[in-house]
2 protein chains.
Amino acid sequence: MSESSTLRPTRQRRAITEALAGASDFQSAQDIHDSLRQAGEKVGLATVYRTLQAMADAGEVDVLQGSGGESAYRRCSTHHHHHLVCRSCGRTVEVTGPAVESWAEAVARDHDFAEVSHSLELFGICADCRQQ
Amino acid sequence: MSESSTLRPTRQRRAITEALAGASDFQSAQDIHDSLRQAGEKVGLATVYRTLQAMADAGEVDVLQGSGGESAYRRCSTHHHHHLVCRSCGRTVEVTGPAVESWAEAVARDHDFAEVSHSLELFGICADCRQQ
DNA sequence: CTCCGATTGAGAGTCAGTCTCAATCTACCG
DNA sequence: CGGTAGATTGAGACTGACTCTCAATCGGAG
């Protein structure tokens, strides 16, 4: 439960951070591992997972629960928001919903639940993909 | 891609349906398989998965994407709703959010996305668990 | 420079879920 | 009522994502 672990900035961590910075859409841990390898960086798969998880914990990246149980990561602003993802091309739009936030809180209070968090994703087909 | 498959009502399917009817909370496919086994019903794991998926497709059961990428199933009314789940004991409350539905549609229209669906779950700690 | 704990990585292990394919069952036909 | 086509089943191999283990290595405080 404690934190403030020493968390050293190593070559590997830097590489992963950069890989995330360079990508605009969600990537799975495996994707990142691959591109890192191709870029010549030698990073172990386990390290990628560990680092990604740590970053997600710290709120530095966003996690999207893929349909097949795989997680996709993306560098994101730290403020709370949700995603509208194209089912076909994967394009992502960040959206915010104050209405949703307050609704969630109200519902939680209503049922006497504490420490409520919510996961919300929107999936659809974007205009471009629809034209094909 | 066609459907209207003949879908025969077999012993196994009936057993799975009953197992779902008897449970009040979400259960993973593996859970269901286990209890079926313990109840003396011989049903293959693959069959449980197949049947559950078919039922989910048909909208007869609700699917909850667990954190570890595992799916939990539950017999549910067919009308659209969301869930408030206790992180500690797993208790589930069905909730509806007209505000959310319309917000989702508005956002979708805004960004010109079609066929928009959304997944939304609320997680928290229920009053009982909090008292411990 | 040295030391110690944080970090790494290769590979084995875990776990949910899917696939394969021969055997089986069911509904329906003649 | 027997025969047949096609749906269904199940055991187990397989996949893919992720975690664990543990010895080797690294990085920074002193």
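Throughout, protein chains are lettered first and strands after them, A, B, ... in sequence-line order, and every chain is numbered starting at 1.
Between the CD atom of B:Gln53 and the P atom of D:dT8 there is a distance of 14 Å, given to the nearest Å. Put simply, NE2 on B:His33 is 8 Å from P on D:dG10, counting in whole angstrom units. Atom CG of A:Leu52 and atom C1' of C:dT8 are 16 Å apart (whole Å). Here D:dC18 presents its P atom at 6 Å from CD of A:Gln30, a figure rounded to the nearest Å. In this structure, B:Phe26 places its CZ atom 18 Å from C1' of C:dA16, rounding to the nearest Å. Rounded to whole Å, atom C1' of D:dC26 lies 17 Å from atom NZ of A:Lys42. Distance B:Arg11 CZ to C:dC25 C1': 11 Å, rounded to the nearest Å. Here C:dG9 presents its P atom at 15 Å from CD1 of A:Ile32, a figure rounded to the nearest Å.
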- Audit row: A:His118, A:His80, ring pair (Phe, Tyr, Trp, His ring centres under 6.0 Å) steps and yes/no: CA-CA 11 Å; A:His118 57 277; A:His80 184 76; 5.0 Å; yes
- Item | A:Gln65 and A:Ser71: CA distance, side-chain angles, deciding distance, side chain to side chain donor-acceptor pair (under 3.5 Å) verdict | CA-CA 5 Å; A:Gln65 208 65 276; A:Ser71 305; 3.1 Å; yes
- From CA spacing to verdict: side chain to side chain donor-acceptor pair (under 3.5 Å), A:His33, A:Gln38: CA-CA 9 Å; A:His33 180 242; A:Gln38 287 190 1; over 6 Å; no
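The side chain of A:Val43 sits closest to C:dG9 out of C:dA16, D:dT19, C:dG9. Which of D:dT19, C:dG17, D:dC18 sits closest to the side chain of B:Ala29 comes down to C:dG17. Relative to the side chain of A:Ala46, the nucleotides D:dA11, C:dA16, C:dG9 differ in distance, and C:dG9 lies closest. Here the nucleotide nearest the side chain of B:Arg13, chosen from C:dG17, D:dT9, D:dC18, is D:dT9. When distances are taken from the side chain of B:Arg50 to each of C:dG17, D:dG10, C:dG9, the shortest belongs to D:dG10.
When side chains are defined from C-beta on, B:Val95 counts as touching A:Trp103, because their heavy atoms get closer than 4.5 Å.
Nucleic acid contact class of B:Ser71 (heavy atoms, under 4.0 Å, all strands): sugar-phosphate only. Here A:Arg37 lies in heavy-atom contact (under 4.0 Å) with sugar-phosphate atoms only.
Between atom CD1 of residue B:Ile125 and atom CD of residue B:Gln131 there is a gap of 13.5 Å, rounded to the nearest 0.5 Å.
Contact check, A:Thr10 against C:dT7: no side-chain N or O comes under 4.0 Å of OP1 or OP2. The phosphate of D:dA17 has neither OP1 nor OP2 within less than 4.0 Å of any side-chain N or O from A:Ser28. Within the 4.0 Å cut-off from OP1 or OP2 of C:dG17, at least one side-chain nitrogen or oxygen of B:Tyr49 is found.
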